[in-house]
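Read the structure below first, then the notes.
Every number for a ligand or one of its atoms is a count from 1 in the order of the listing.
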Amino acid sequence: MIPFLDLKKINLQYESSFKDVLNQILNEGWYILGQNLVKFEKEYAKYCQSKHCIGVANGLDALKLILRAYKELGVLENGDEIIVPSNTYIASILAISDNNLVPILVEPDLATYTIDVALIEENITSKTRGVLAVSLYGQTPDFTEIIRIAKKHSLKVIEDAAQSQGARHHDLISGGIADASGHSFYPGKNLGALGDGGAITTNNDDLANVVLALRNYGSHKKYENIYKGFNSRLDDIQAAFLTVKLKDLDNSNQSRSEIANRYLNEIKNPLITLPVQAKANKHVWHVFVIRTSNRDHLQDYLNQNGIQTVIHYPIPPHRQQAYSEMSKMTFPISEKIHNEVLSLPISPVMSMYQVDHVIDVINKYSN
Ligand SMILES: *Cc1c(COP(=O)(O)O)cnc(C)c1O
């Protein structure tokens, strides 16, 4: 069986470095808000061409804390509207609703799966204060256009960069484009920890300062609480593992890109729609998402031929029980995407023999 993602194999590549940093932490005996966290934050800020990086517990918290910090700064208030793509992973929307803000879902572009920028302005009302732009599947949306619209209407731009470590829009890197960006280091992400992890990057000193306090009980100084904060810190051990993997991120993204290019050039089957990389973008292929009208049939067929696939995602947010208030809304493009998408195996440890097999099996597929 070709696994969708062989995480064990990915992480075993770094076994000896992981053991070194683990030994170092065991010898030091410092586990939270220590030097390993500071080191990772410094290196990841630099990687993202950002002034600040603040490590937090996970990607959802990263997005939640950005929005919460904007509330503490008086930029956002309860009931304000945030535009977000209707086909995103649920976390983007949870971060908005958890802050008593209102998610305004906007359909994606069917070719790139990122927000359809032509639909943003018609969704702006007197209550709109921000766009949560999601770099879904590994490529950024059209940030040139999003930033132009945001300037015109005085909106904040926040990037959900959970799936796009290393991606670029023109020469700008994901995490360094928006006013603030939320990152996830969930094990399966392009830069994945050996457990949960997340971070916020921004050039805004005030925002960074509030987030620093929010992640640590709303406190800059022990036992002095300025905000009703959270416990949402990136563990030093995860930060140390991430520092090891960050050095290899461009390399491992390059391996993904070579596989993606083979899929794009060699999968030739009229039943399959391949993903599109926008001209201005460098895609990092967090997932390689194809579409077909009889998706479950294709998934069964691939499974029978030894190829494991995953659906990102089977149910659109507005059809989730958790958001029953949206159940009467319709988003035809999103619904089509959720009915048709299937993600093929792609990872830096996949062999070219495995890639050959996937291409061969898909090219022989018929309904
Ligand atoms: C993974 C992910 C998140 C959440 O990250 P966690 O670390 O799992 O909390 C948010 N948004 C998107 C698009 C994601 O893929």
From the list I158, L214, N99, D61, side-chain contact (heavy atoms from CB on, under 4.5 Å) partner of I66 resolves to I158
Notebook entry, point to check: Ion pair present between E15 and K9, side-chain N to carboxylate O less than 4.0 angstrom?
Noted result: no
Heavy atoms of N281 and H169 approach each other most closely as OD1-ND1, 2.9 Å
Closest non-hydrogen contact found for A69 with L207 is CB-CD1, 3.5 Å
Sorted by chain and residue number, the ring pair (Phe, Tyr, Trp, His ring centres under 6.0 Å) partners of H318 (sequence neighbours excluded) come out as F331
key: From CA spacing to verdict: ring-ring contact (aromatic ring centres under 6.0 Å, His included), Y217, F230   = CA-CA 5 Å; Y217 296 105; F230 305 84; 9.6 Å; no
Please produce the table of protein N or O atoms sitting under 3.5 Å from N or O atoms belonging to ligand 1, one pair a line, distance to 0.1 Å.
{"from": "ligand 1", "atom 1": "5 (O)", "to": "S184", "atom 2": "OG", "distance (Å)": "3.2"}
{"from": "ligand 1", "atom 1": "7 (O)", "to": "G59", "atom 2": "N", "distance (Å)": "2.8"}
{"from": "ligand 1", "atom 1": "7 (O)", "to": "S184", "atom 2": "OG", "distance (Å)": "2.7"}
{"from": "ligand 1", "atom 1": "9 (O)", "to": "G59", "atom 2": "N", "distance (Å)": "3.2"}
{"from": "ligand 1", "atom 1": "9 (O)", "to": "L60", "atom 2": "N", "distance (Å)": "2.9"}
{"from": "ligand 1", "atom 1": "11 (N)", "to": "D160", "atom 2": "OD1", "distance (Å)": "3.2"}
{"from": "ligand 1", "atom 1": "11 (N)", "to": "D160", "atom 2": "OD2", "distance (Å)": "2.7"}
{"from": "ligand 1", "atom 1": "15 (O)", "to": "Q163", "atom 2": "NE2", "distance (Å)": "2.7"}
{"from": "ligand 1", "atom 1": "15 (O)", "to": "K189", "atom 2": "NZ", "distance (Å)": "3.1"}

